[in-house]
Each structure stands twice: as C-alpha cells, then as structure tokens.
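Structure, as structure tokens:
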Amino acid sequence: MAGIKLLFCADLDPAEAATWRHHLAAALPEADWLDADAARAAPAAACAAVVANPRPGALAGLPGLGFVQSLWAGVDRLLADPTLPPDVPVARMVDPAMSAAMAETTLWAALSLHRGFFAYQRRQRERRWHVHAQRRADEIGVVVLGGGAMGQAAASRLVAQGYRVGVWSRSGARPPPAGAEGLAGDDGLARLLPRADVLVNLLPLTPATRGLLGARRLAALPPGAGLVNLGRGAHLVEADLLDALDRGTLGHAVLDVFETEPLPAGHPFWTHPRITVLPHAAALTDPRSAASVAAANLRAWHAGRPIEHLVDRARGY
Ligand code: NDP
C-alpha cells in the first residue's frame with residue numbers, strides 16, 4: 001500500500017488508541033499513516049480513514065478522502081456527523097470474533113432469563129430460599145430483532161441451545177439460521193412479539209428503528225417476558241420500560257446500551273431490582289482480529305476490488 005495515506009481518527013483513551021495503532025500498523029506494514037492535519041495540508045493526496053468514534057468534523061475538509069473503514073459494527077454516530085462527506089463509501093466492522101462474543105452474551109442473557117437466575121440473584125440479596133418452576137428450553141420462544149452479522153450469530157447459538165427462535169429483519173432477504181424462523185416487516189414483528197418469552201434486540205439504530213421498543217410493543221410480549229437490549233439505547237423508550245417492569249407485565253431487562261453512555265450515576269436503571277446493567281460490553285471489537293479485517297478492506301479499496309460490508313447511507317446501516 002505504499003503511496004497511500006491512511007488516517008486514524010479515534011476518540012478513545014490513549015492506551016486503547018495505542019493498542020489499535022499497534023495492531024493496525026502490524027496488519028498494514030506497507031501503509032503510510034498520517035494525522036488529519038497532515039492530510040488537510042496535502043489535500044490532493046488520496047487517503048482512506050480508519051475510524052472509531054471520530055469527533056464530529058474529524059473527516060471534514062479532506063478532498064482526497066476516498067474510503068472510510070469503521071472499527072465499530074454500529075455506524076449510527078458516524079453517519080450522524082453532518083460533515084461526513086456524502087459520497088465517500090463507508091464500511092462497518094464485521095468480525096467473526098465480535099459476532100461470537102455477541103452470541104455468548106445473548107446465550108447468557110436468554111438462559112438466565114429462561115431459568116430465572118436473575119430472580120434467584122434477587123432472592124439471595126433478600127436471604128430468601130425459594131425454588132421456582134423449571135421450564136425446558138424447547139418451551140421458550142426467543143425472538144431476535146435484526147438478522148445481520150450479530151443477529152445471525154446470536155440466533156444460531158440460541159437454536160443450538162434448543163430454544164424456539166424467530167428472527168426479524170427489514171427485508172427478509174437473508175435466510176435465518178437453520179432451525180429458526182425468519183419474518184420481516186410490521187406484520188412479521190406483530191406475529192413474533194407474542195411468542196417472545198425473551199426478546200433480544202440486535203438492530204442498527206436508524207430513523208426506522210429509533211424508539212421501536214416502546215409501550216405498545218412491550219405490551220405485545222407474553223406476560224413476564226424478558227428483554228435483552230444489545231443494539232442501541234435509543235431503540236428503547238426508557239420510561240416505557242420502567243413502567244412495564246413496575247407493573248409486572250415485563251419480568252426483567254438486561255441492558256447493555258443506553259440513551260446516555262456512560263449511564264449517569266443517578267439513573268434509575270442502576271438500582272432497579274429487575275434490570276441488569278452492562279457497560280456496553282456485549283461484544284467488544286477485538287483489535288487483534290479486527291485490524292486484519294480492516295486491512296483486508298483497505299487493500300481491496302486501494303486495488304479497486306469490491307469493499308466488504310459497505311454501509312447503505314440512505315438506509316442508515
Ligand atoms: P447488520 O447490518 O449486519 O444487520 C442489521 C440487521 O437489522 C439486518 O438483518 C437488517 O435487515 C435489520 N434491520 C435494519 N433495519 C431494520 C428495520 N427497520 N426493521 C427490521 N429489521 C431491520 O448489523 P450487525 O448485525 O452487524 O449489527 C447490528 C447492531 O448491533 C449494530 O448496528 C450495533 O448497533 C449493535 N452492536 C452492539 C454491540 C454491543 O456491544 N452492544 C456490538 C456490535 C454491534 P435486512 O437483513 O433486511 O437488511
């Protein structure tokens with residue numbers, strides 16, 4: 001990749017940024033890395049950017065910018081930057097190691113909800129010895145919202161565990177994993193929600209999915225259902241969730257993503273007995289594998305070959 005300039009734009013803590021720089025440099029030894037100021041000073045030079053939470057405006061004023069590779073799977077924050085050049089192709093991160101981590105988190109949450117392990121945790125705090133009924137996996141419906149890289153990996157693991165699995169997507173174009181049922185559109189969602197003893201959200205945040213998990217859809221779940229939000233905080237209407245939990249129509253929620261991150265110290269989710277909080281850690285991007293994924297895409301862009309996992313800017317994912 002000699003002669004091609006690569007920009008690393010990341011709003012990360014210094015140690016994390018250094019780790020990424022190390023793995024990216026190892027995966028792309030032939031690249032010539034520069035910072036945004038240097039790229040702006042030489043506007044004619046073609047360059048690509050590798051980004052992780054870049055500050056808004058970080059990619060503005062770079063006429064040579066030809067490609068943006070995100071190190072994150074979700075690109076909602078990146079696309080929300082109005083200064084992102086409109087015609088530059090953007091690719092998101094699809095890394096089997098991240099999908100595997102997401103499948104693990106999904107399985108842990110579904111299993112804990114199905115077997116009532118969060119309820120046992122609550123009772124431990126109360127020093128209460130009480131055994132509840134035990135249901136078989138094949139009696140439990142788990143619905144995964146989103147049938148992409150994350151949703152497919154999660155659904156496969158849930159099928160292997162013996163659950164009755166439904167997968168919801170926009171188009172229905174990608175078949176669900178063997179053993180799962182795939183449905184699409186509003187009708188599909190209306191059919192799936194009443195079967196979701198556990199509802200797992202793995203959608204991207206777009207104008208069409210923002211606020212999807214509100215009172216009406218939560219009320220369509222079976223009584224006492226569990227909710228697992230691993231997509232984005234803005235998919236969920238927080239007040240509606242609290243209401244459903246407090247009225248007992250929803251049993252428990254496992255939340256990894258929030259409207260405001262980090263979750264503010266005074267937020268009611270921290271101490272709610274029926275909410276389990278994770279710090280946006282369901283599936284971290286692993287620099288050891290993701291740097292190679294990014295490198296392969298950057299080499300494809302440089303060689304004029306097709307770029308993988310391009311974002312459809314109009315759809316927002
Ligand atoms: P993909 O782009 O591979 O898949 C997105 C899926 O969502 C597709 O099946 C798509 O449908 C479906 N979808 C999109 N819009 C709609 C809609 N309006 N109605 C119904 N279905 C819709 O994304 P990934 O699977 O890689 O990632 C999904 C999201 O997971 C990320 O955007 C991010 O927000 C979140 N994530 C969270 C992490 C965490 O640690 N908490 C880590 C990584 C990702 P179709 O197949 O028809 O296109």
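Each ligand, and each atom within it, is numbered from 1 in the order the structure gives.
Assignment of V94 to the shell around ligand 1 is not supported, since no heavy atom sits closer than 4.0 Å. Put simply, part of H280 is less than 4.0 Å from ligand 1, judged by heavy atoms. Heavy atoms of A283 approach ligand 1 to within less than 4.0 angstrom. Not a single heavy atom of Q152 sits less than 4.0 Å from an atom of ligand 1. The closest approach between any non-hydrogen atom of T206 and ligand 1 is not below 4.0 Å. Put simply, part of R92 is less than 4.0 Å from ligand 1, judged by heavy atoms.
Near A208, meaning under 4.0 Å from any of its heavy atoms, are these atoms of ligand 1: 18 (N). Close contacts of ligand 1 with T209, meaning ligand atoms under 4.0 Å from a residue heavy atom, involve 15 (N), 16 (C), 17 (C), 18 (N). The G147 neighbourhood of ligand 1 comprises atoms 6 (C), 8 (C), 9 (O), with distances under 4.0 Å to a heavy atom of that residue. Numbered from 1 in the order shown, with element, the atoms of ligand 1 that lie under 4.0 Å from a heavy atom of G74 read 31 (C), 32 (O), 33 (C). Every atom of ligand 1 is numbered from 1 in the order shown, and the set under 4.0 Å from a heavy atom of L202 is 28 (C), 29 (C). Remark: ligand 1 atoms within the under-4.0 Å shell around heavy atoms of G231 are 34 (O), 35 (C), 37 (C).
Both I140 and L113 sit in one connected hydrophobic cluster of ILVMFWY residues. Membership requires side-chain heavy atoms under 4.5 Å apart, directly or through other members. In the hydrophobic clustering of this structure, V237 does not group with V257; members are Ile, Leu, Val, Met, Phe, Trp, Tyr whose side-chain heavy atoms approach within less than 4.5 Å, directly or through other members. Linking Ile, Leu, Val, Met, Phe, Trp and Tyr residues whenever their side-chain heavy atoms come within less than 4.5 Å leaves L199 and L158 in two separate clusters.
Taking the six-membered ring where the residue is Trp, H132 and Y120 present parallel rings, their angle staying beneath 30° rather than reaching 60°. The aromatic rings of W108 and F118 stand perpendicular to each other, their planes meeting at an angle above 60°, with 30° marking the opposite boundary.
Atom 25 (O) of ligand 1 has its closest protein heavy atom at M150 N, 2.8 Å. Annotation: atom 7 (O) of ligand 1 to nearest protein heavy atom, P204 CD, 3.3 Å. The shortest contact between atom 12 (C) of ligand 1 and any protein heavy atom is with L203 CD2, 3.9 Å. Scanning the protein for heavy atoms near atom 4 (O) of ligand 1, the closest one is G148 CA, 3.1 Å. At the top of the distance list for atom 41 (N) of ligand 1, counting protein heavy atoms only, stands D256 OD2, 2.8 Å. Shortest contact from atom 44 (C) of ligand 1 to any protein heavy atom: A73 CB, 3.7 Å. Counting protein heavy atoms only, atom 19 (N) of ligand 1 is closest to W168 CH2, 3.3 Å.
Nearest heavy atom pair, residue D197 against residue P222, reads OD1-CG, 3.9 Å. Looking at every heavy atom in both residues, A225 comes nearest to A196 through CB-O, 3.5 Å. The minimum heavy-atom distance linking A149 with V94 is given by the pair CB-CG1, 3.9 Å. E181 approaches R191 most closely through the heavy-atom pair OE2-NH2, 4.0 Å.
Between A281 and ligand 1, not a single N/O pair is under 3.5 Å apart. Remark: ligand 1 and R232 share an N or O pair separated by less than 3.5 Å (distance only, no angle test). For ligand 1, one of its N or O atoms has an N or O atom of S171 under 3.5 Å away. Close N/O approach between Y317 and ligand 1 is found [any backbone or side-chain N/O within under 3.5 Å].
No donor-acceptor contact under 3.5 angstrom links the side chains of D256 and H280, judged on distance only. No side-chain donor from either of N297 and H309 sits under 3.5 Å from a side-chain acceptor of the other. Using a 3.5 Å distance cut-off with no hydrogens or angles, the side chains of E238 and H267 do pair a donor with an acceptor. Counting only N and O atoms by type, the side chains of Y317 and R92 include no donor and acceptor under 3.5 Å apart.
The closest heavy-atom contact to atom 11 (O) of ligand 1, among the options M102, R170, M98, M93, comes from R170. Considering only non-hydrogen atoms, atom 36 (N) of ligand 1 lies nearest to L230 out of L183, L230, L189.
Salt bridge absent: E259 and R232 never bring a charged side-chain N and a carboxylate O closer than 4.0 Å. Ion pairing of D243 with R247 is present here, as a side-chain N (NZ or NE/NH1/NH2) and a carboxylate O approach within less than 4.0 Å.
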